[in-house]
Engineer: 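The structure under discussion is supplied below as structure tokens; questions concerning it will follow.
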Amino acid sequence: ILMLSLALGTMITITSNHWVTAWAGLEINTLAIIPLISKSHHPRAIEAATKYFLTQATASALMLFSSMTNAWSSGQWDITQLTNPPSCLLLTAAIAIKLGLTPFHFWFPEVLQGSSLTTALLLSTAMKFPPTTILLLTSHSLNPTLLSTMAIMSIALGGWMGLNQTQTRKILAFSSISHLGWMTIIITYNPKLTLLTFYLYSLMTTSIFLSMNSTNTLKLSTLMTSWTKAPMLNTTLMLTLLSLAGLPPLTGFLPKWLIIQELTKQEMTTTATIISMLSLLGLFFYLRLTYCSTITLPPNSSNKMKQWSIKKPVNTLTPTL
Amino acid sequence: MSLIHLSFYSAFTLSSLGLAFHRTHLISALLCLESIILSIYIGLSLWPVQNQATSFTLLPVLILAFSACEAGTGLAILVASTRTHGSDHLHNLNLLQC
């Protein structure tokens with residue numbers, strides 16, 4: 001039932017051209033995912049649910065308020081015609097809170113940490129989709145300077161704060177934040193690249209989360225012994241992580257390349273240089289994850305399949321895309 | 001009419017400031033959230049009155065329905081956090097250290 005309502009909420013928001021239907025879809029998504037986060041009744045899960053609920057509810061209310069001020073000043077509720085500048089600003093801030101862009105990113109690692117791996121997957125891919133569609137629909141009337149500064153800060157913070165983490169869910173949260181930065185930096189110039197980045201990012205993140213789910217690795221130390229459980233999965237995990245980092249022969253390089261190309265066409269070469277330098281920070285922790293998972297051997301190694309594999313890994317093909 | 005505009009803009013900003021600066025109890029955050037939705041509702045129900053467009057009078061009712069669900073979820077989360085954490089003080093929500 002909850003998955004159905006998630007799908008329903010997403011569909012409502014995507015196919016909406018009136019602000020209230022978009023808001024309703026976002027609320028349905030929030031309401032449906034709160035019991036998914038707090039299903040395990042662990043104190044951390046409840047705390048994650050509290051933080052998630054508060055931030056998402058404020059973001060929804062802010063969005064409704066911005067659409068209301070726009071309606072008062074322009075007399076219509078169409079999503080693609082957002083003419084009032086303060087309401088554009090408020091809308092950008094509201095969607096930044098919903099997505100987890102800097103400076104509103106503080107809830108995201110903690111919420112991902114407190115939820116189970118599949119719920120975290122849903123949170124970071126499916127729940128990002130409706131706000132990005134709203135950004136796409138309103139991309140011609142958003143504020144480019146605000147978005148660019150938030151995007152650059154997101155890439156910087158996503159790289160920096162991921163450096164000292166040992167919990168894999170938090171590492172993936174920070175990688176998600178920096179990928180969102182990459183997505184939003186191009187949205188006012190070429191929204192199709194944002195969509196492409198989002199699809200590729202969600203594909204790669206899905207494969208990483210599912211492989212971590214089948215080996216049940218929540219910490220870096222667990223990651224080191226994962227090669228005994230399913231060796232094929234381990235190698236594909238390594239390739240997918242490197243693809244998330246954006247290394248050239250793998251698929252993850254494609255959105256970065258196209259974004260940098262588009263930015264240089266728009267005469268923003270310093271921005272392009274800055275964000276590619278900052279994604280080196282992310283490269284460090286991706287490399288550390290691959291190093292821990294495939295290249296090192298744990299102290300007492302036993303080269304046999306020690307544990308059962310609960311779920312069949314479905315993603316041995318997706319990293320080779 | 002601009003006095004009415006000012007009144008619900010200020011109601012919204014006051015409630016959002018209260019939500020941002022809540023210090024000890026989770027309930028105060030939920031209350032501020034509810035007052036935000038209420039100010040939006042009042043602003044929205046004044047809109048068809050001014051524009052004389054009666055096809056939009058159903059909007060505030062829809063918003064009220066969704067915000068009631070939201071408030072119910074917030075209260076359920078409050079109850080769940082009181083069950084697991086012992087109280088609704090915000091100092092207790094520090095299990096997920098960053």
Engineer: Tell me, side chain or backbone of A/S60 under 4.5 Å from chain B's heavy atoms, or both, or neither?
Structural biologist: neither
Engineer: Can you name the closest pair of heavy atoms from A/A61 and B/I36 and give their distance?
Structural biologist: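 The answer is CB-CG2, 3.4 Å.
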Engineer: Taking all non-hydrogen atoms of both residues, which atom of A/L54 and which atom of B/L19 are closest, and how far apart?
Structural biologist: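 Closest approach of A/L54 to B/L19: CD2-CD1, 4.5 Å.
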Engineer: Which answer fits B/L33, side chain, backbone, both or neither, if we ask what part of it has an atom under 4.5 Å from a heavy atom of chain A?
Structural biologist: side chain
Engineer: Among A/A49, A/S38, A/A24, which residue forms the greatest number of heavy-atom pairs with chain B at distances under 4.5 Å?
Structural biologist: A/A24
Engineer: Assign the ring pair A/W72 / B/F8 to parallel, tilted or perpendicular, where the plane angle (0 to 90°) is split at 30° and 60°.
Structural biologist: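 Because their plane-to-plane angle lies in the 30° to 60° range, the rings of A/W72 and B/F8 count as tilted.
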Engineer: So which residue, B/I37, B/I63, B/L78, B/L30, ends up with the most heavy-atom pairs under 4.5 Å with chain A?
Structural biologist: B/I63
Engineer: Considering only heavy atoms, which portion of B/F12 lies under 4.5 Å from any heavy atom of chain A: side chain, backbone, both, or neither?
Structural biologist: side chain
Engineer: Roughly how far apart are B/S15 OG and A/F65 CZ, rounded to 0.5 Å?
Structural biologist: 10.0 Å
Engineer: Would you give the length of the straight line joining atom CG of B/L62 to atom CH2 of A/W23, rounded to the nearest 0.5 angstrom?
Structural biologist: 7.5 Å
Engineer: Measure distances from A/T58 to the heavy atoms of chain B and classify the residue's part below 4.5 Å as side chain, backbone, both or neither.
Structural biologist: both
Engineer: Within this structure, what is the CG-CG distance for the pair A/L64 and B/L59, rounded to the nearest 0.5 Å?
Structural biologist: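 Atom-to-atom, A/L64:CG and B/L59:CG are 9.5 Å apart.
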Engineer: Looking at OH of B/Y9 and OG1 of A/T69, how far apart are the two atoms once the value is rounded to the nearest 0.5 Å?
Structural biologist: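 Output value for this atom pair is 5.5 Å.
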Engineer: If I compare all heavy atoms of A/M68 with all of B/I40, which pair ends up nearest, and what's the gap?
Structural biologist: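 Shortest heavy-atom contact: SD-O, 3.4 Å.
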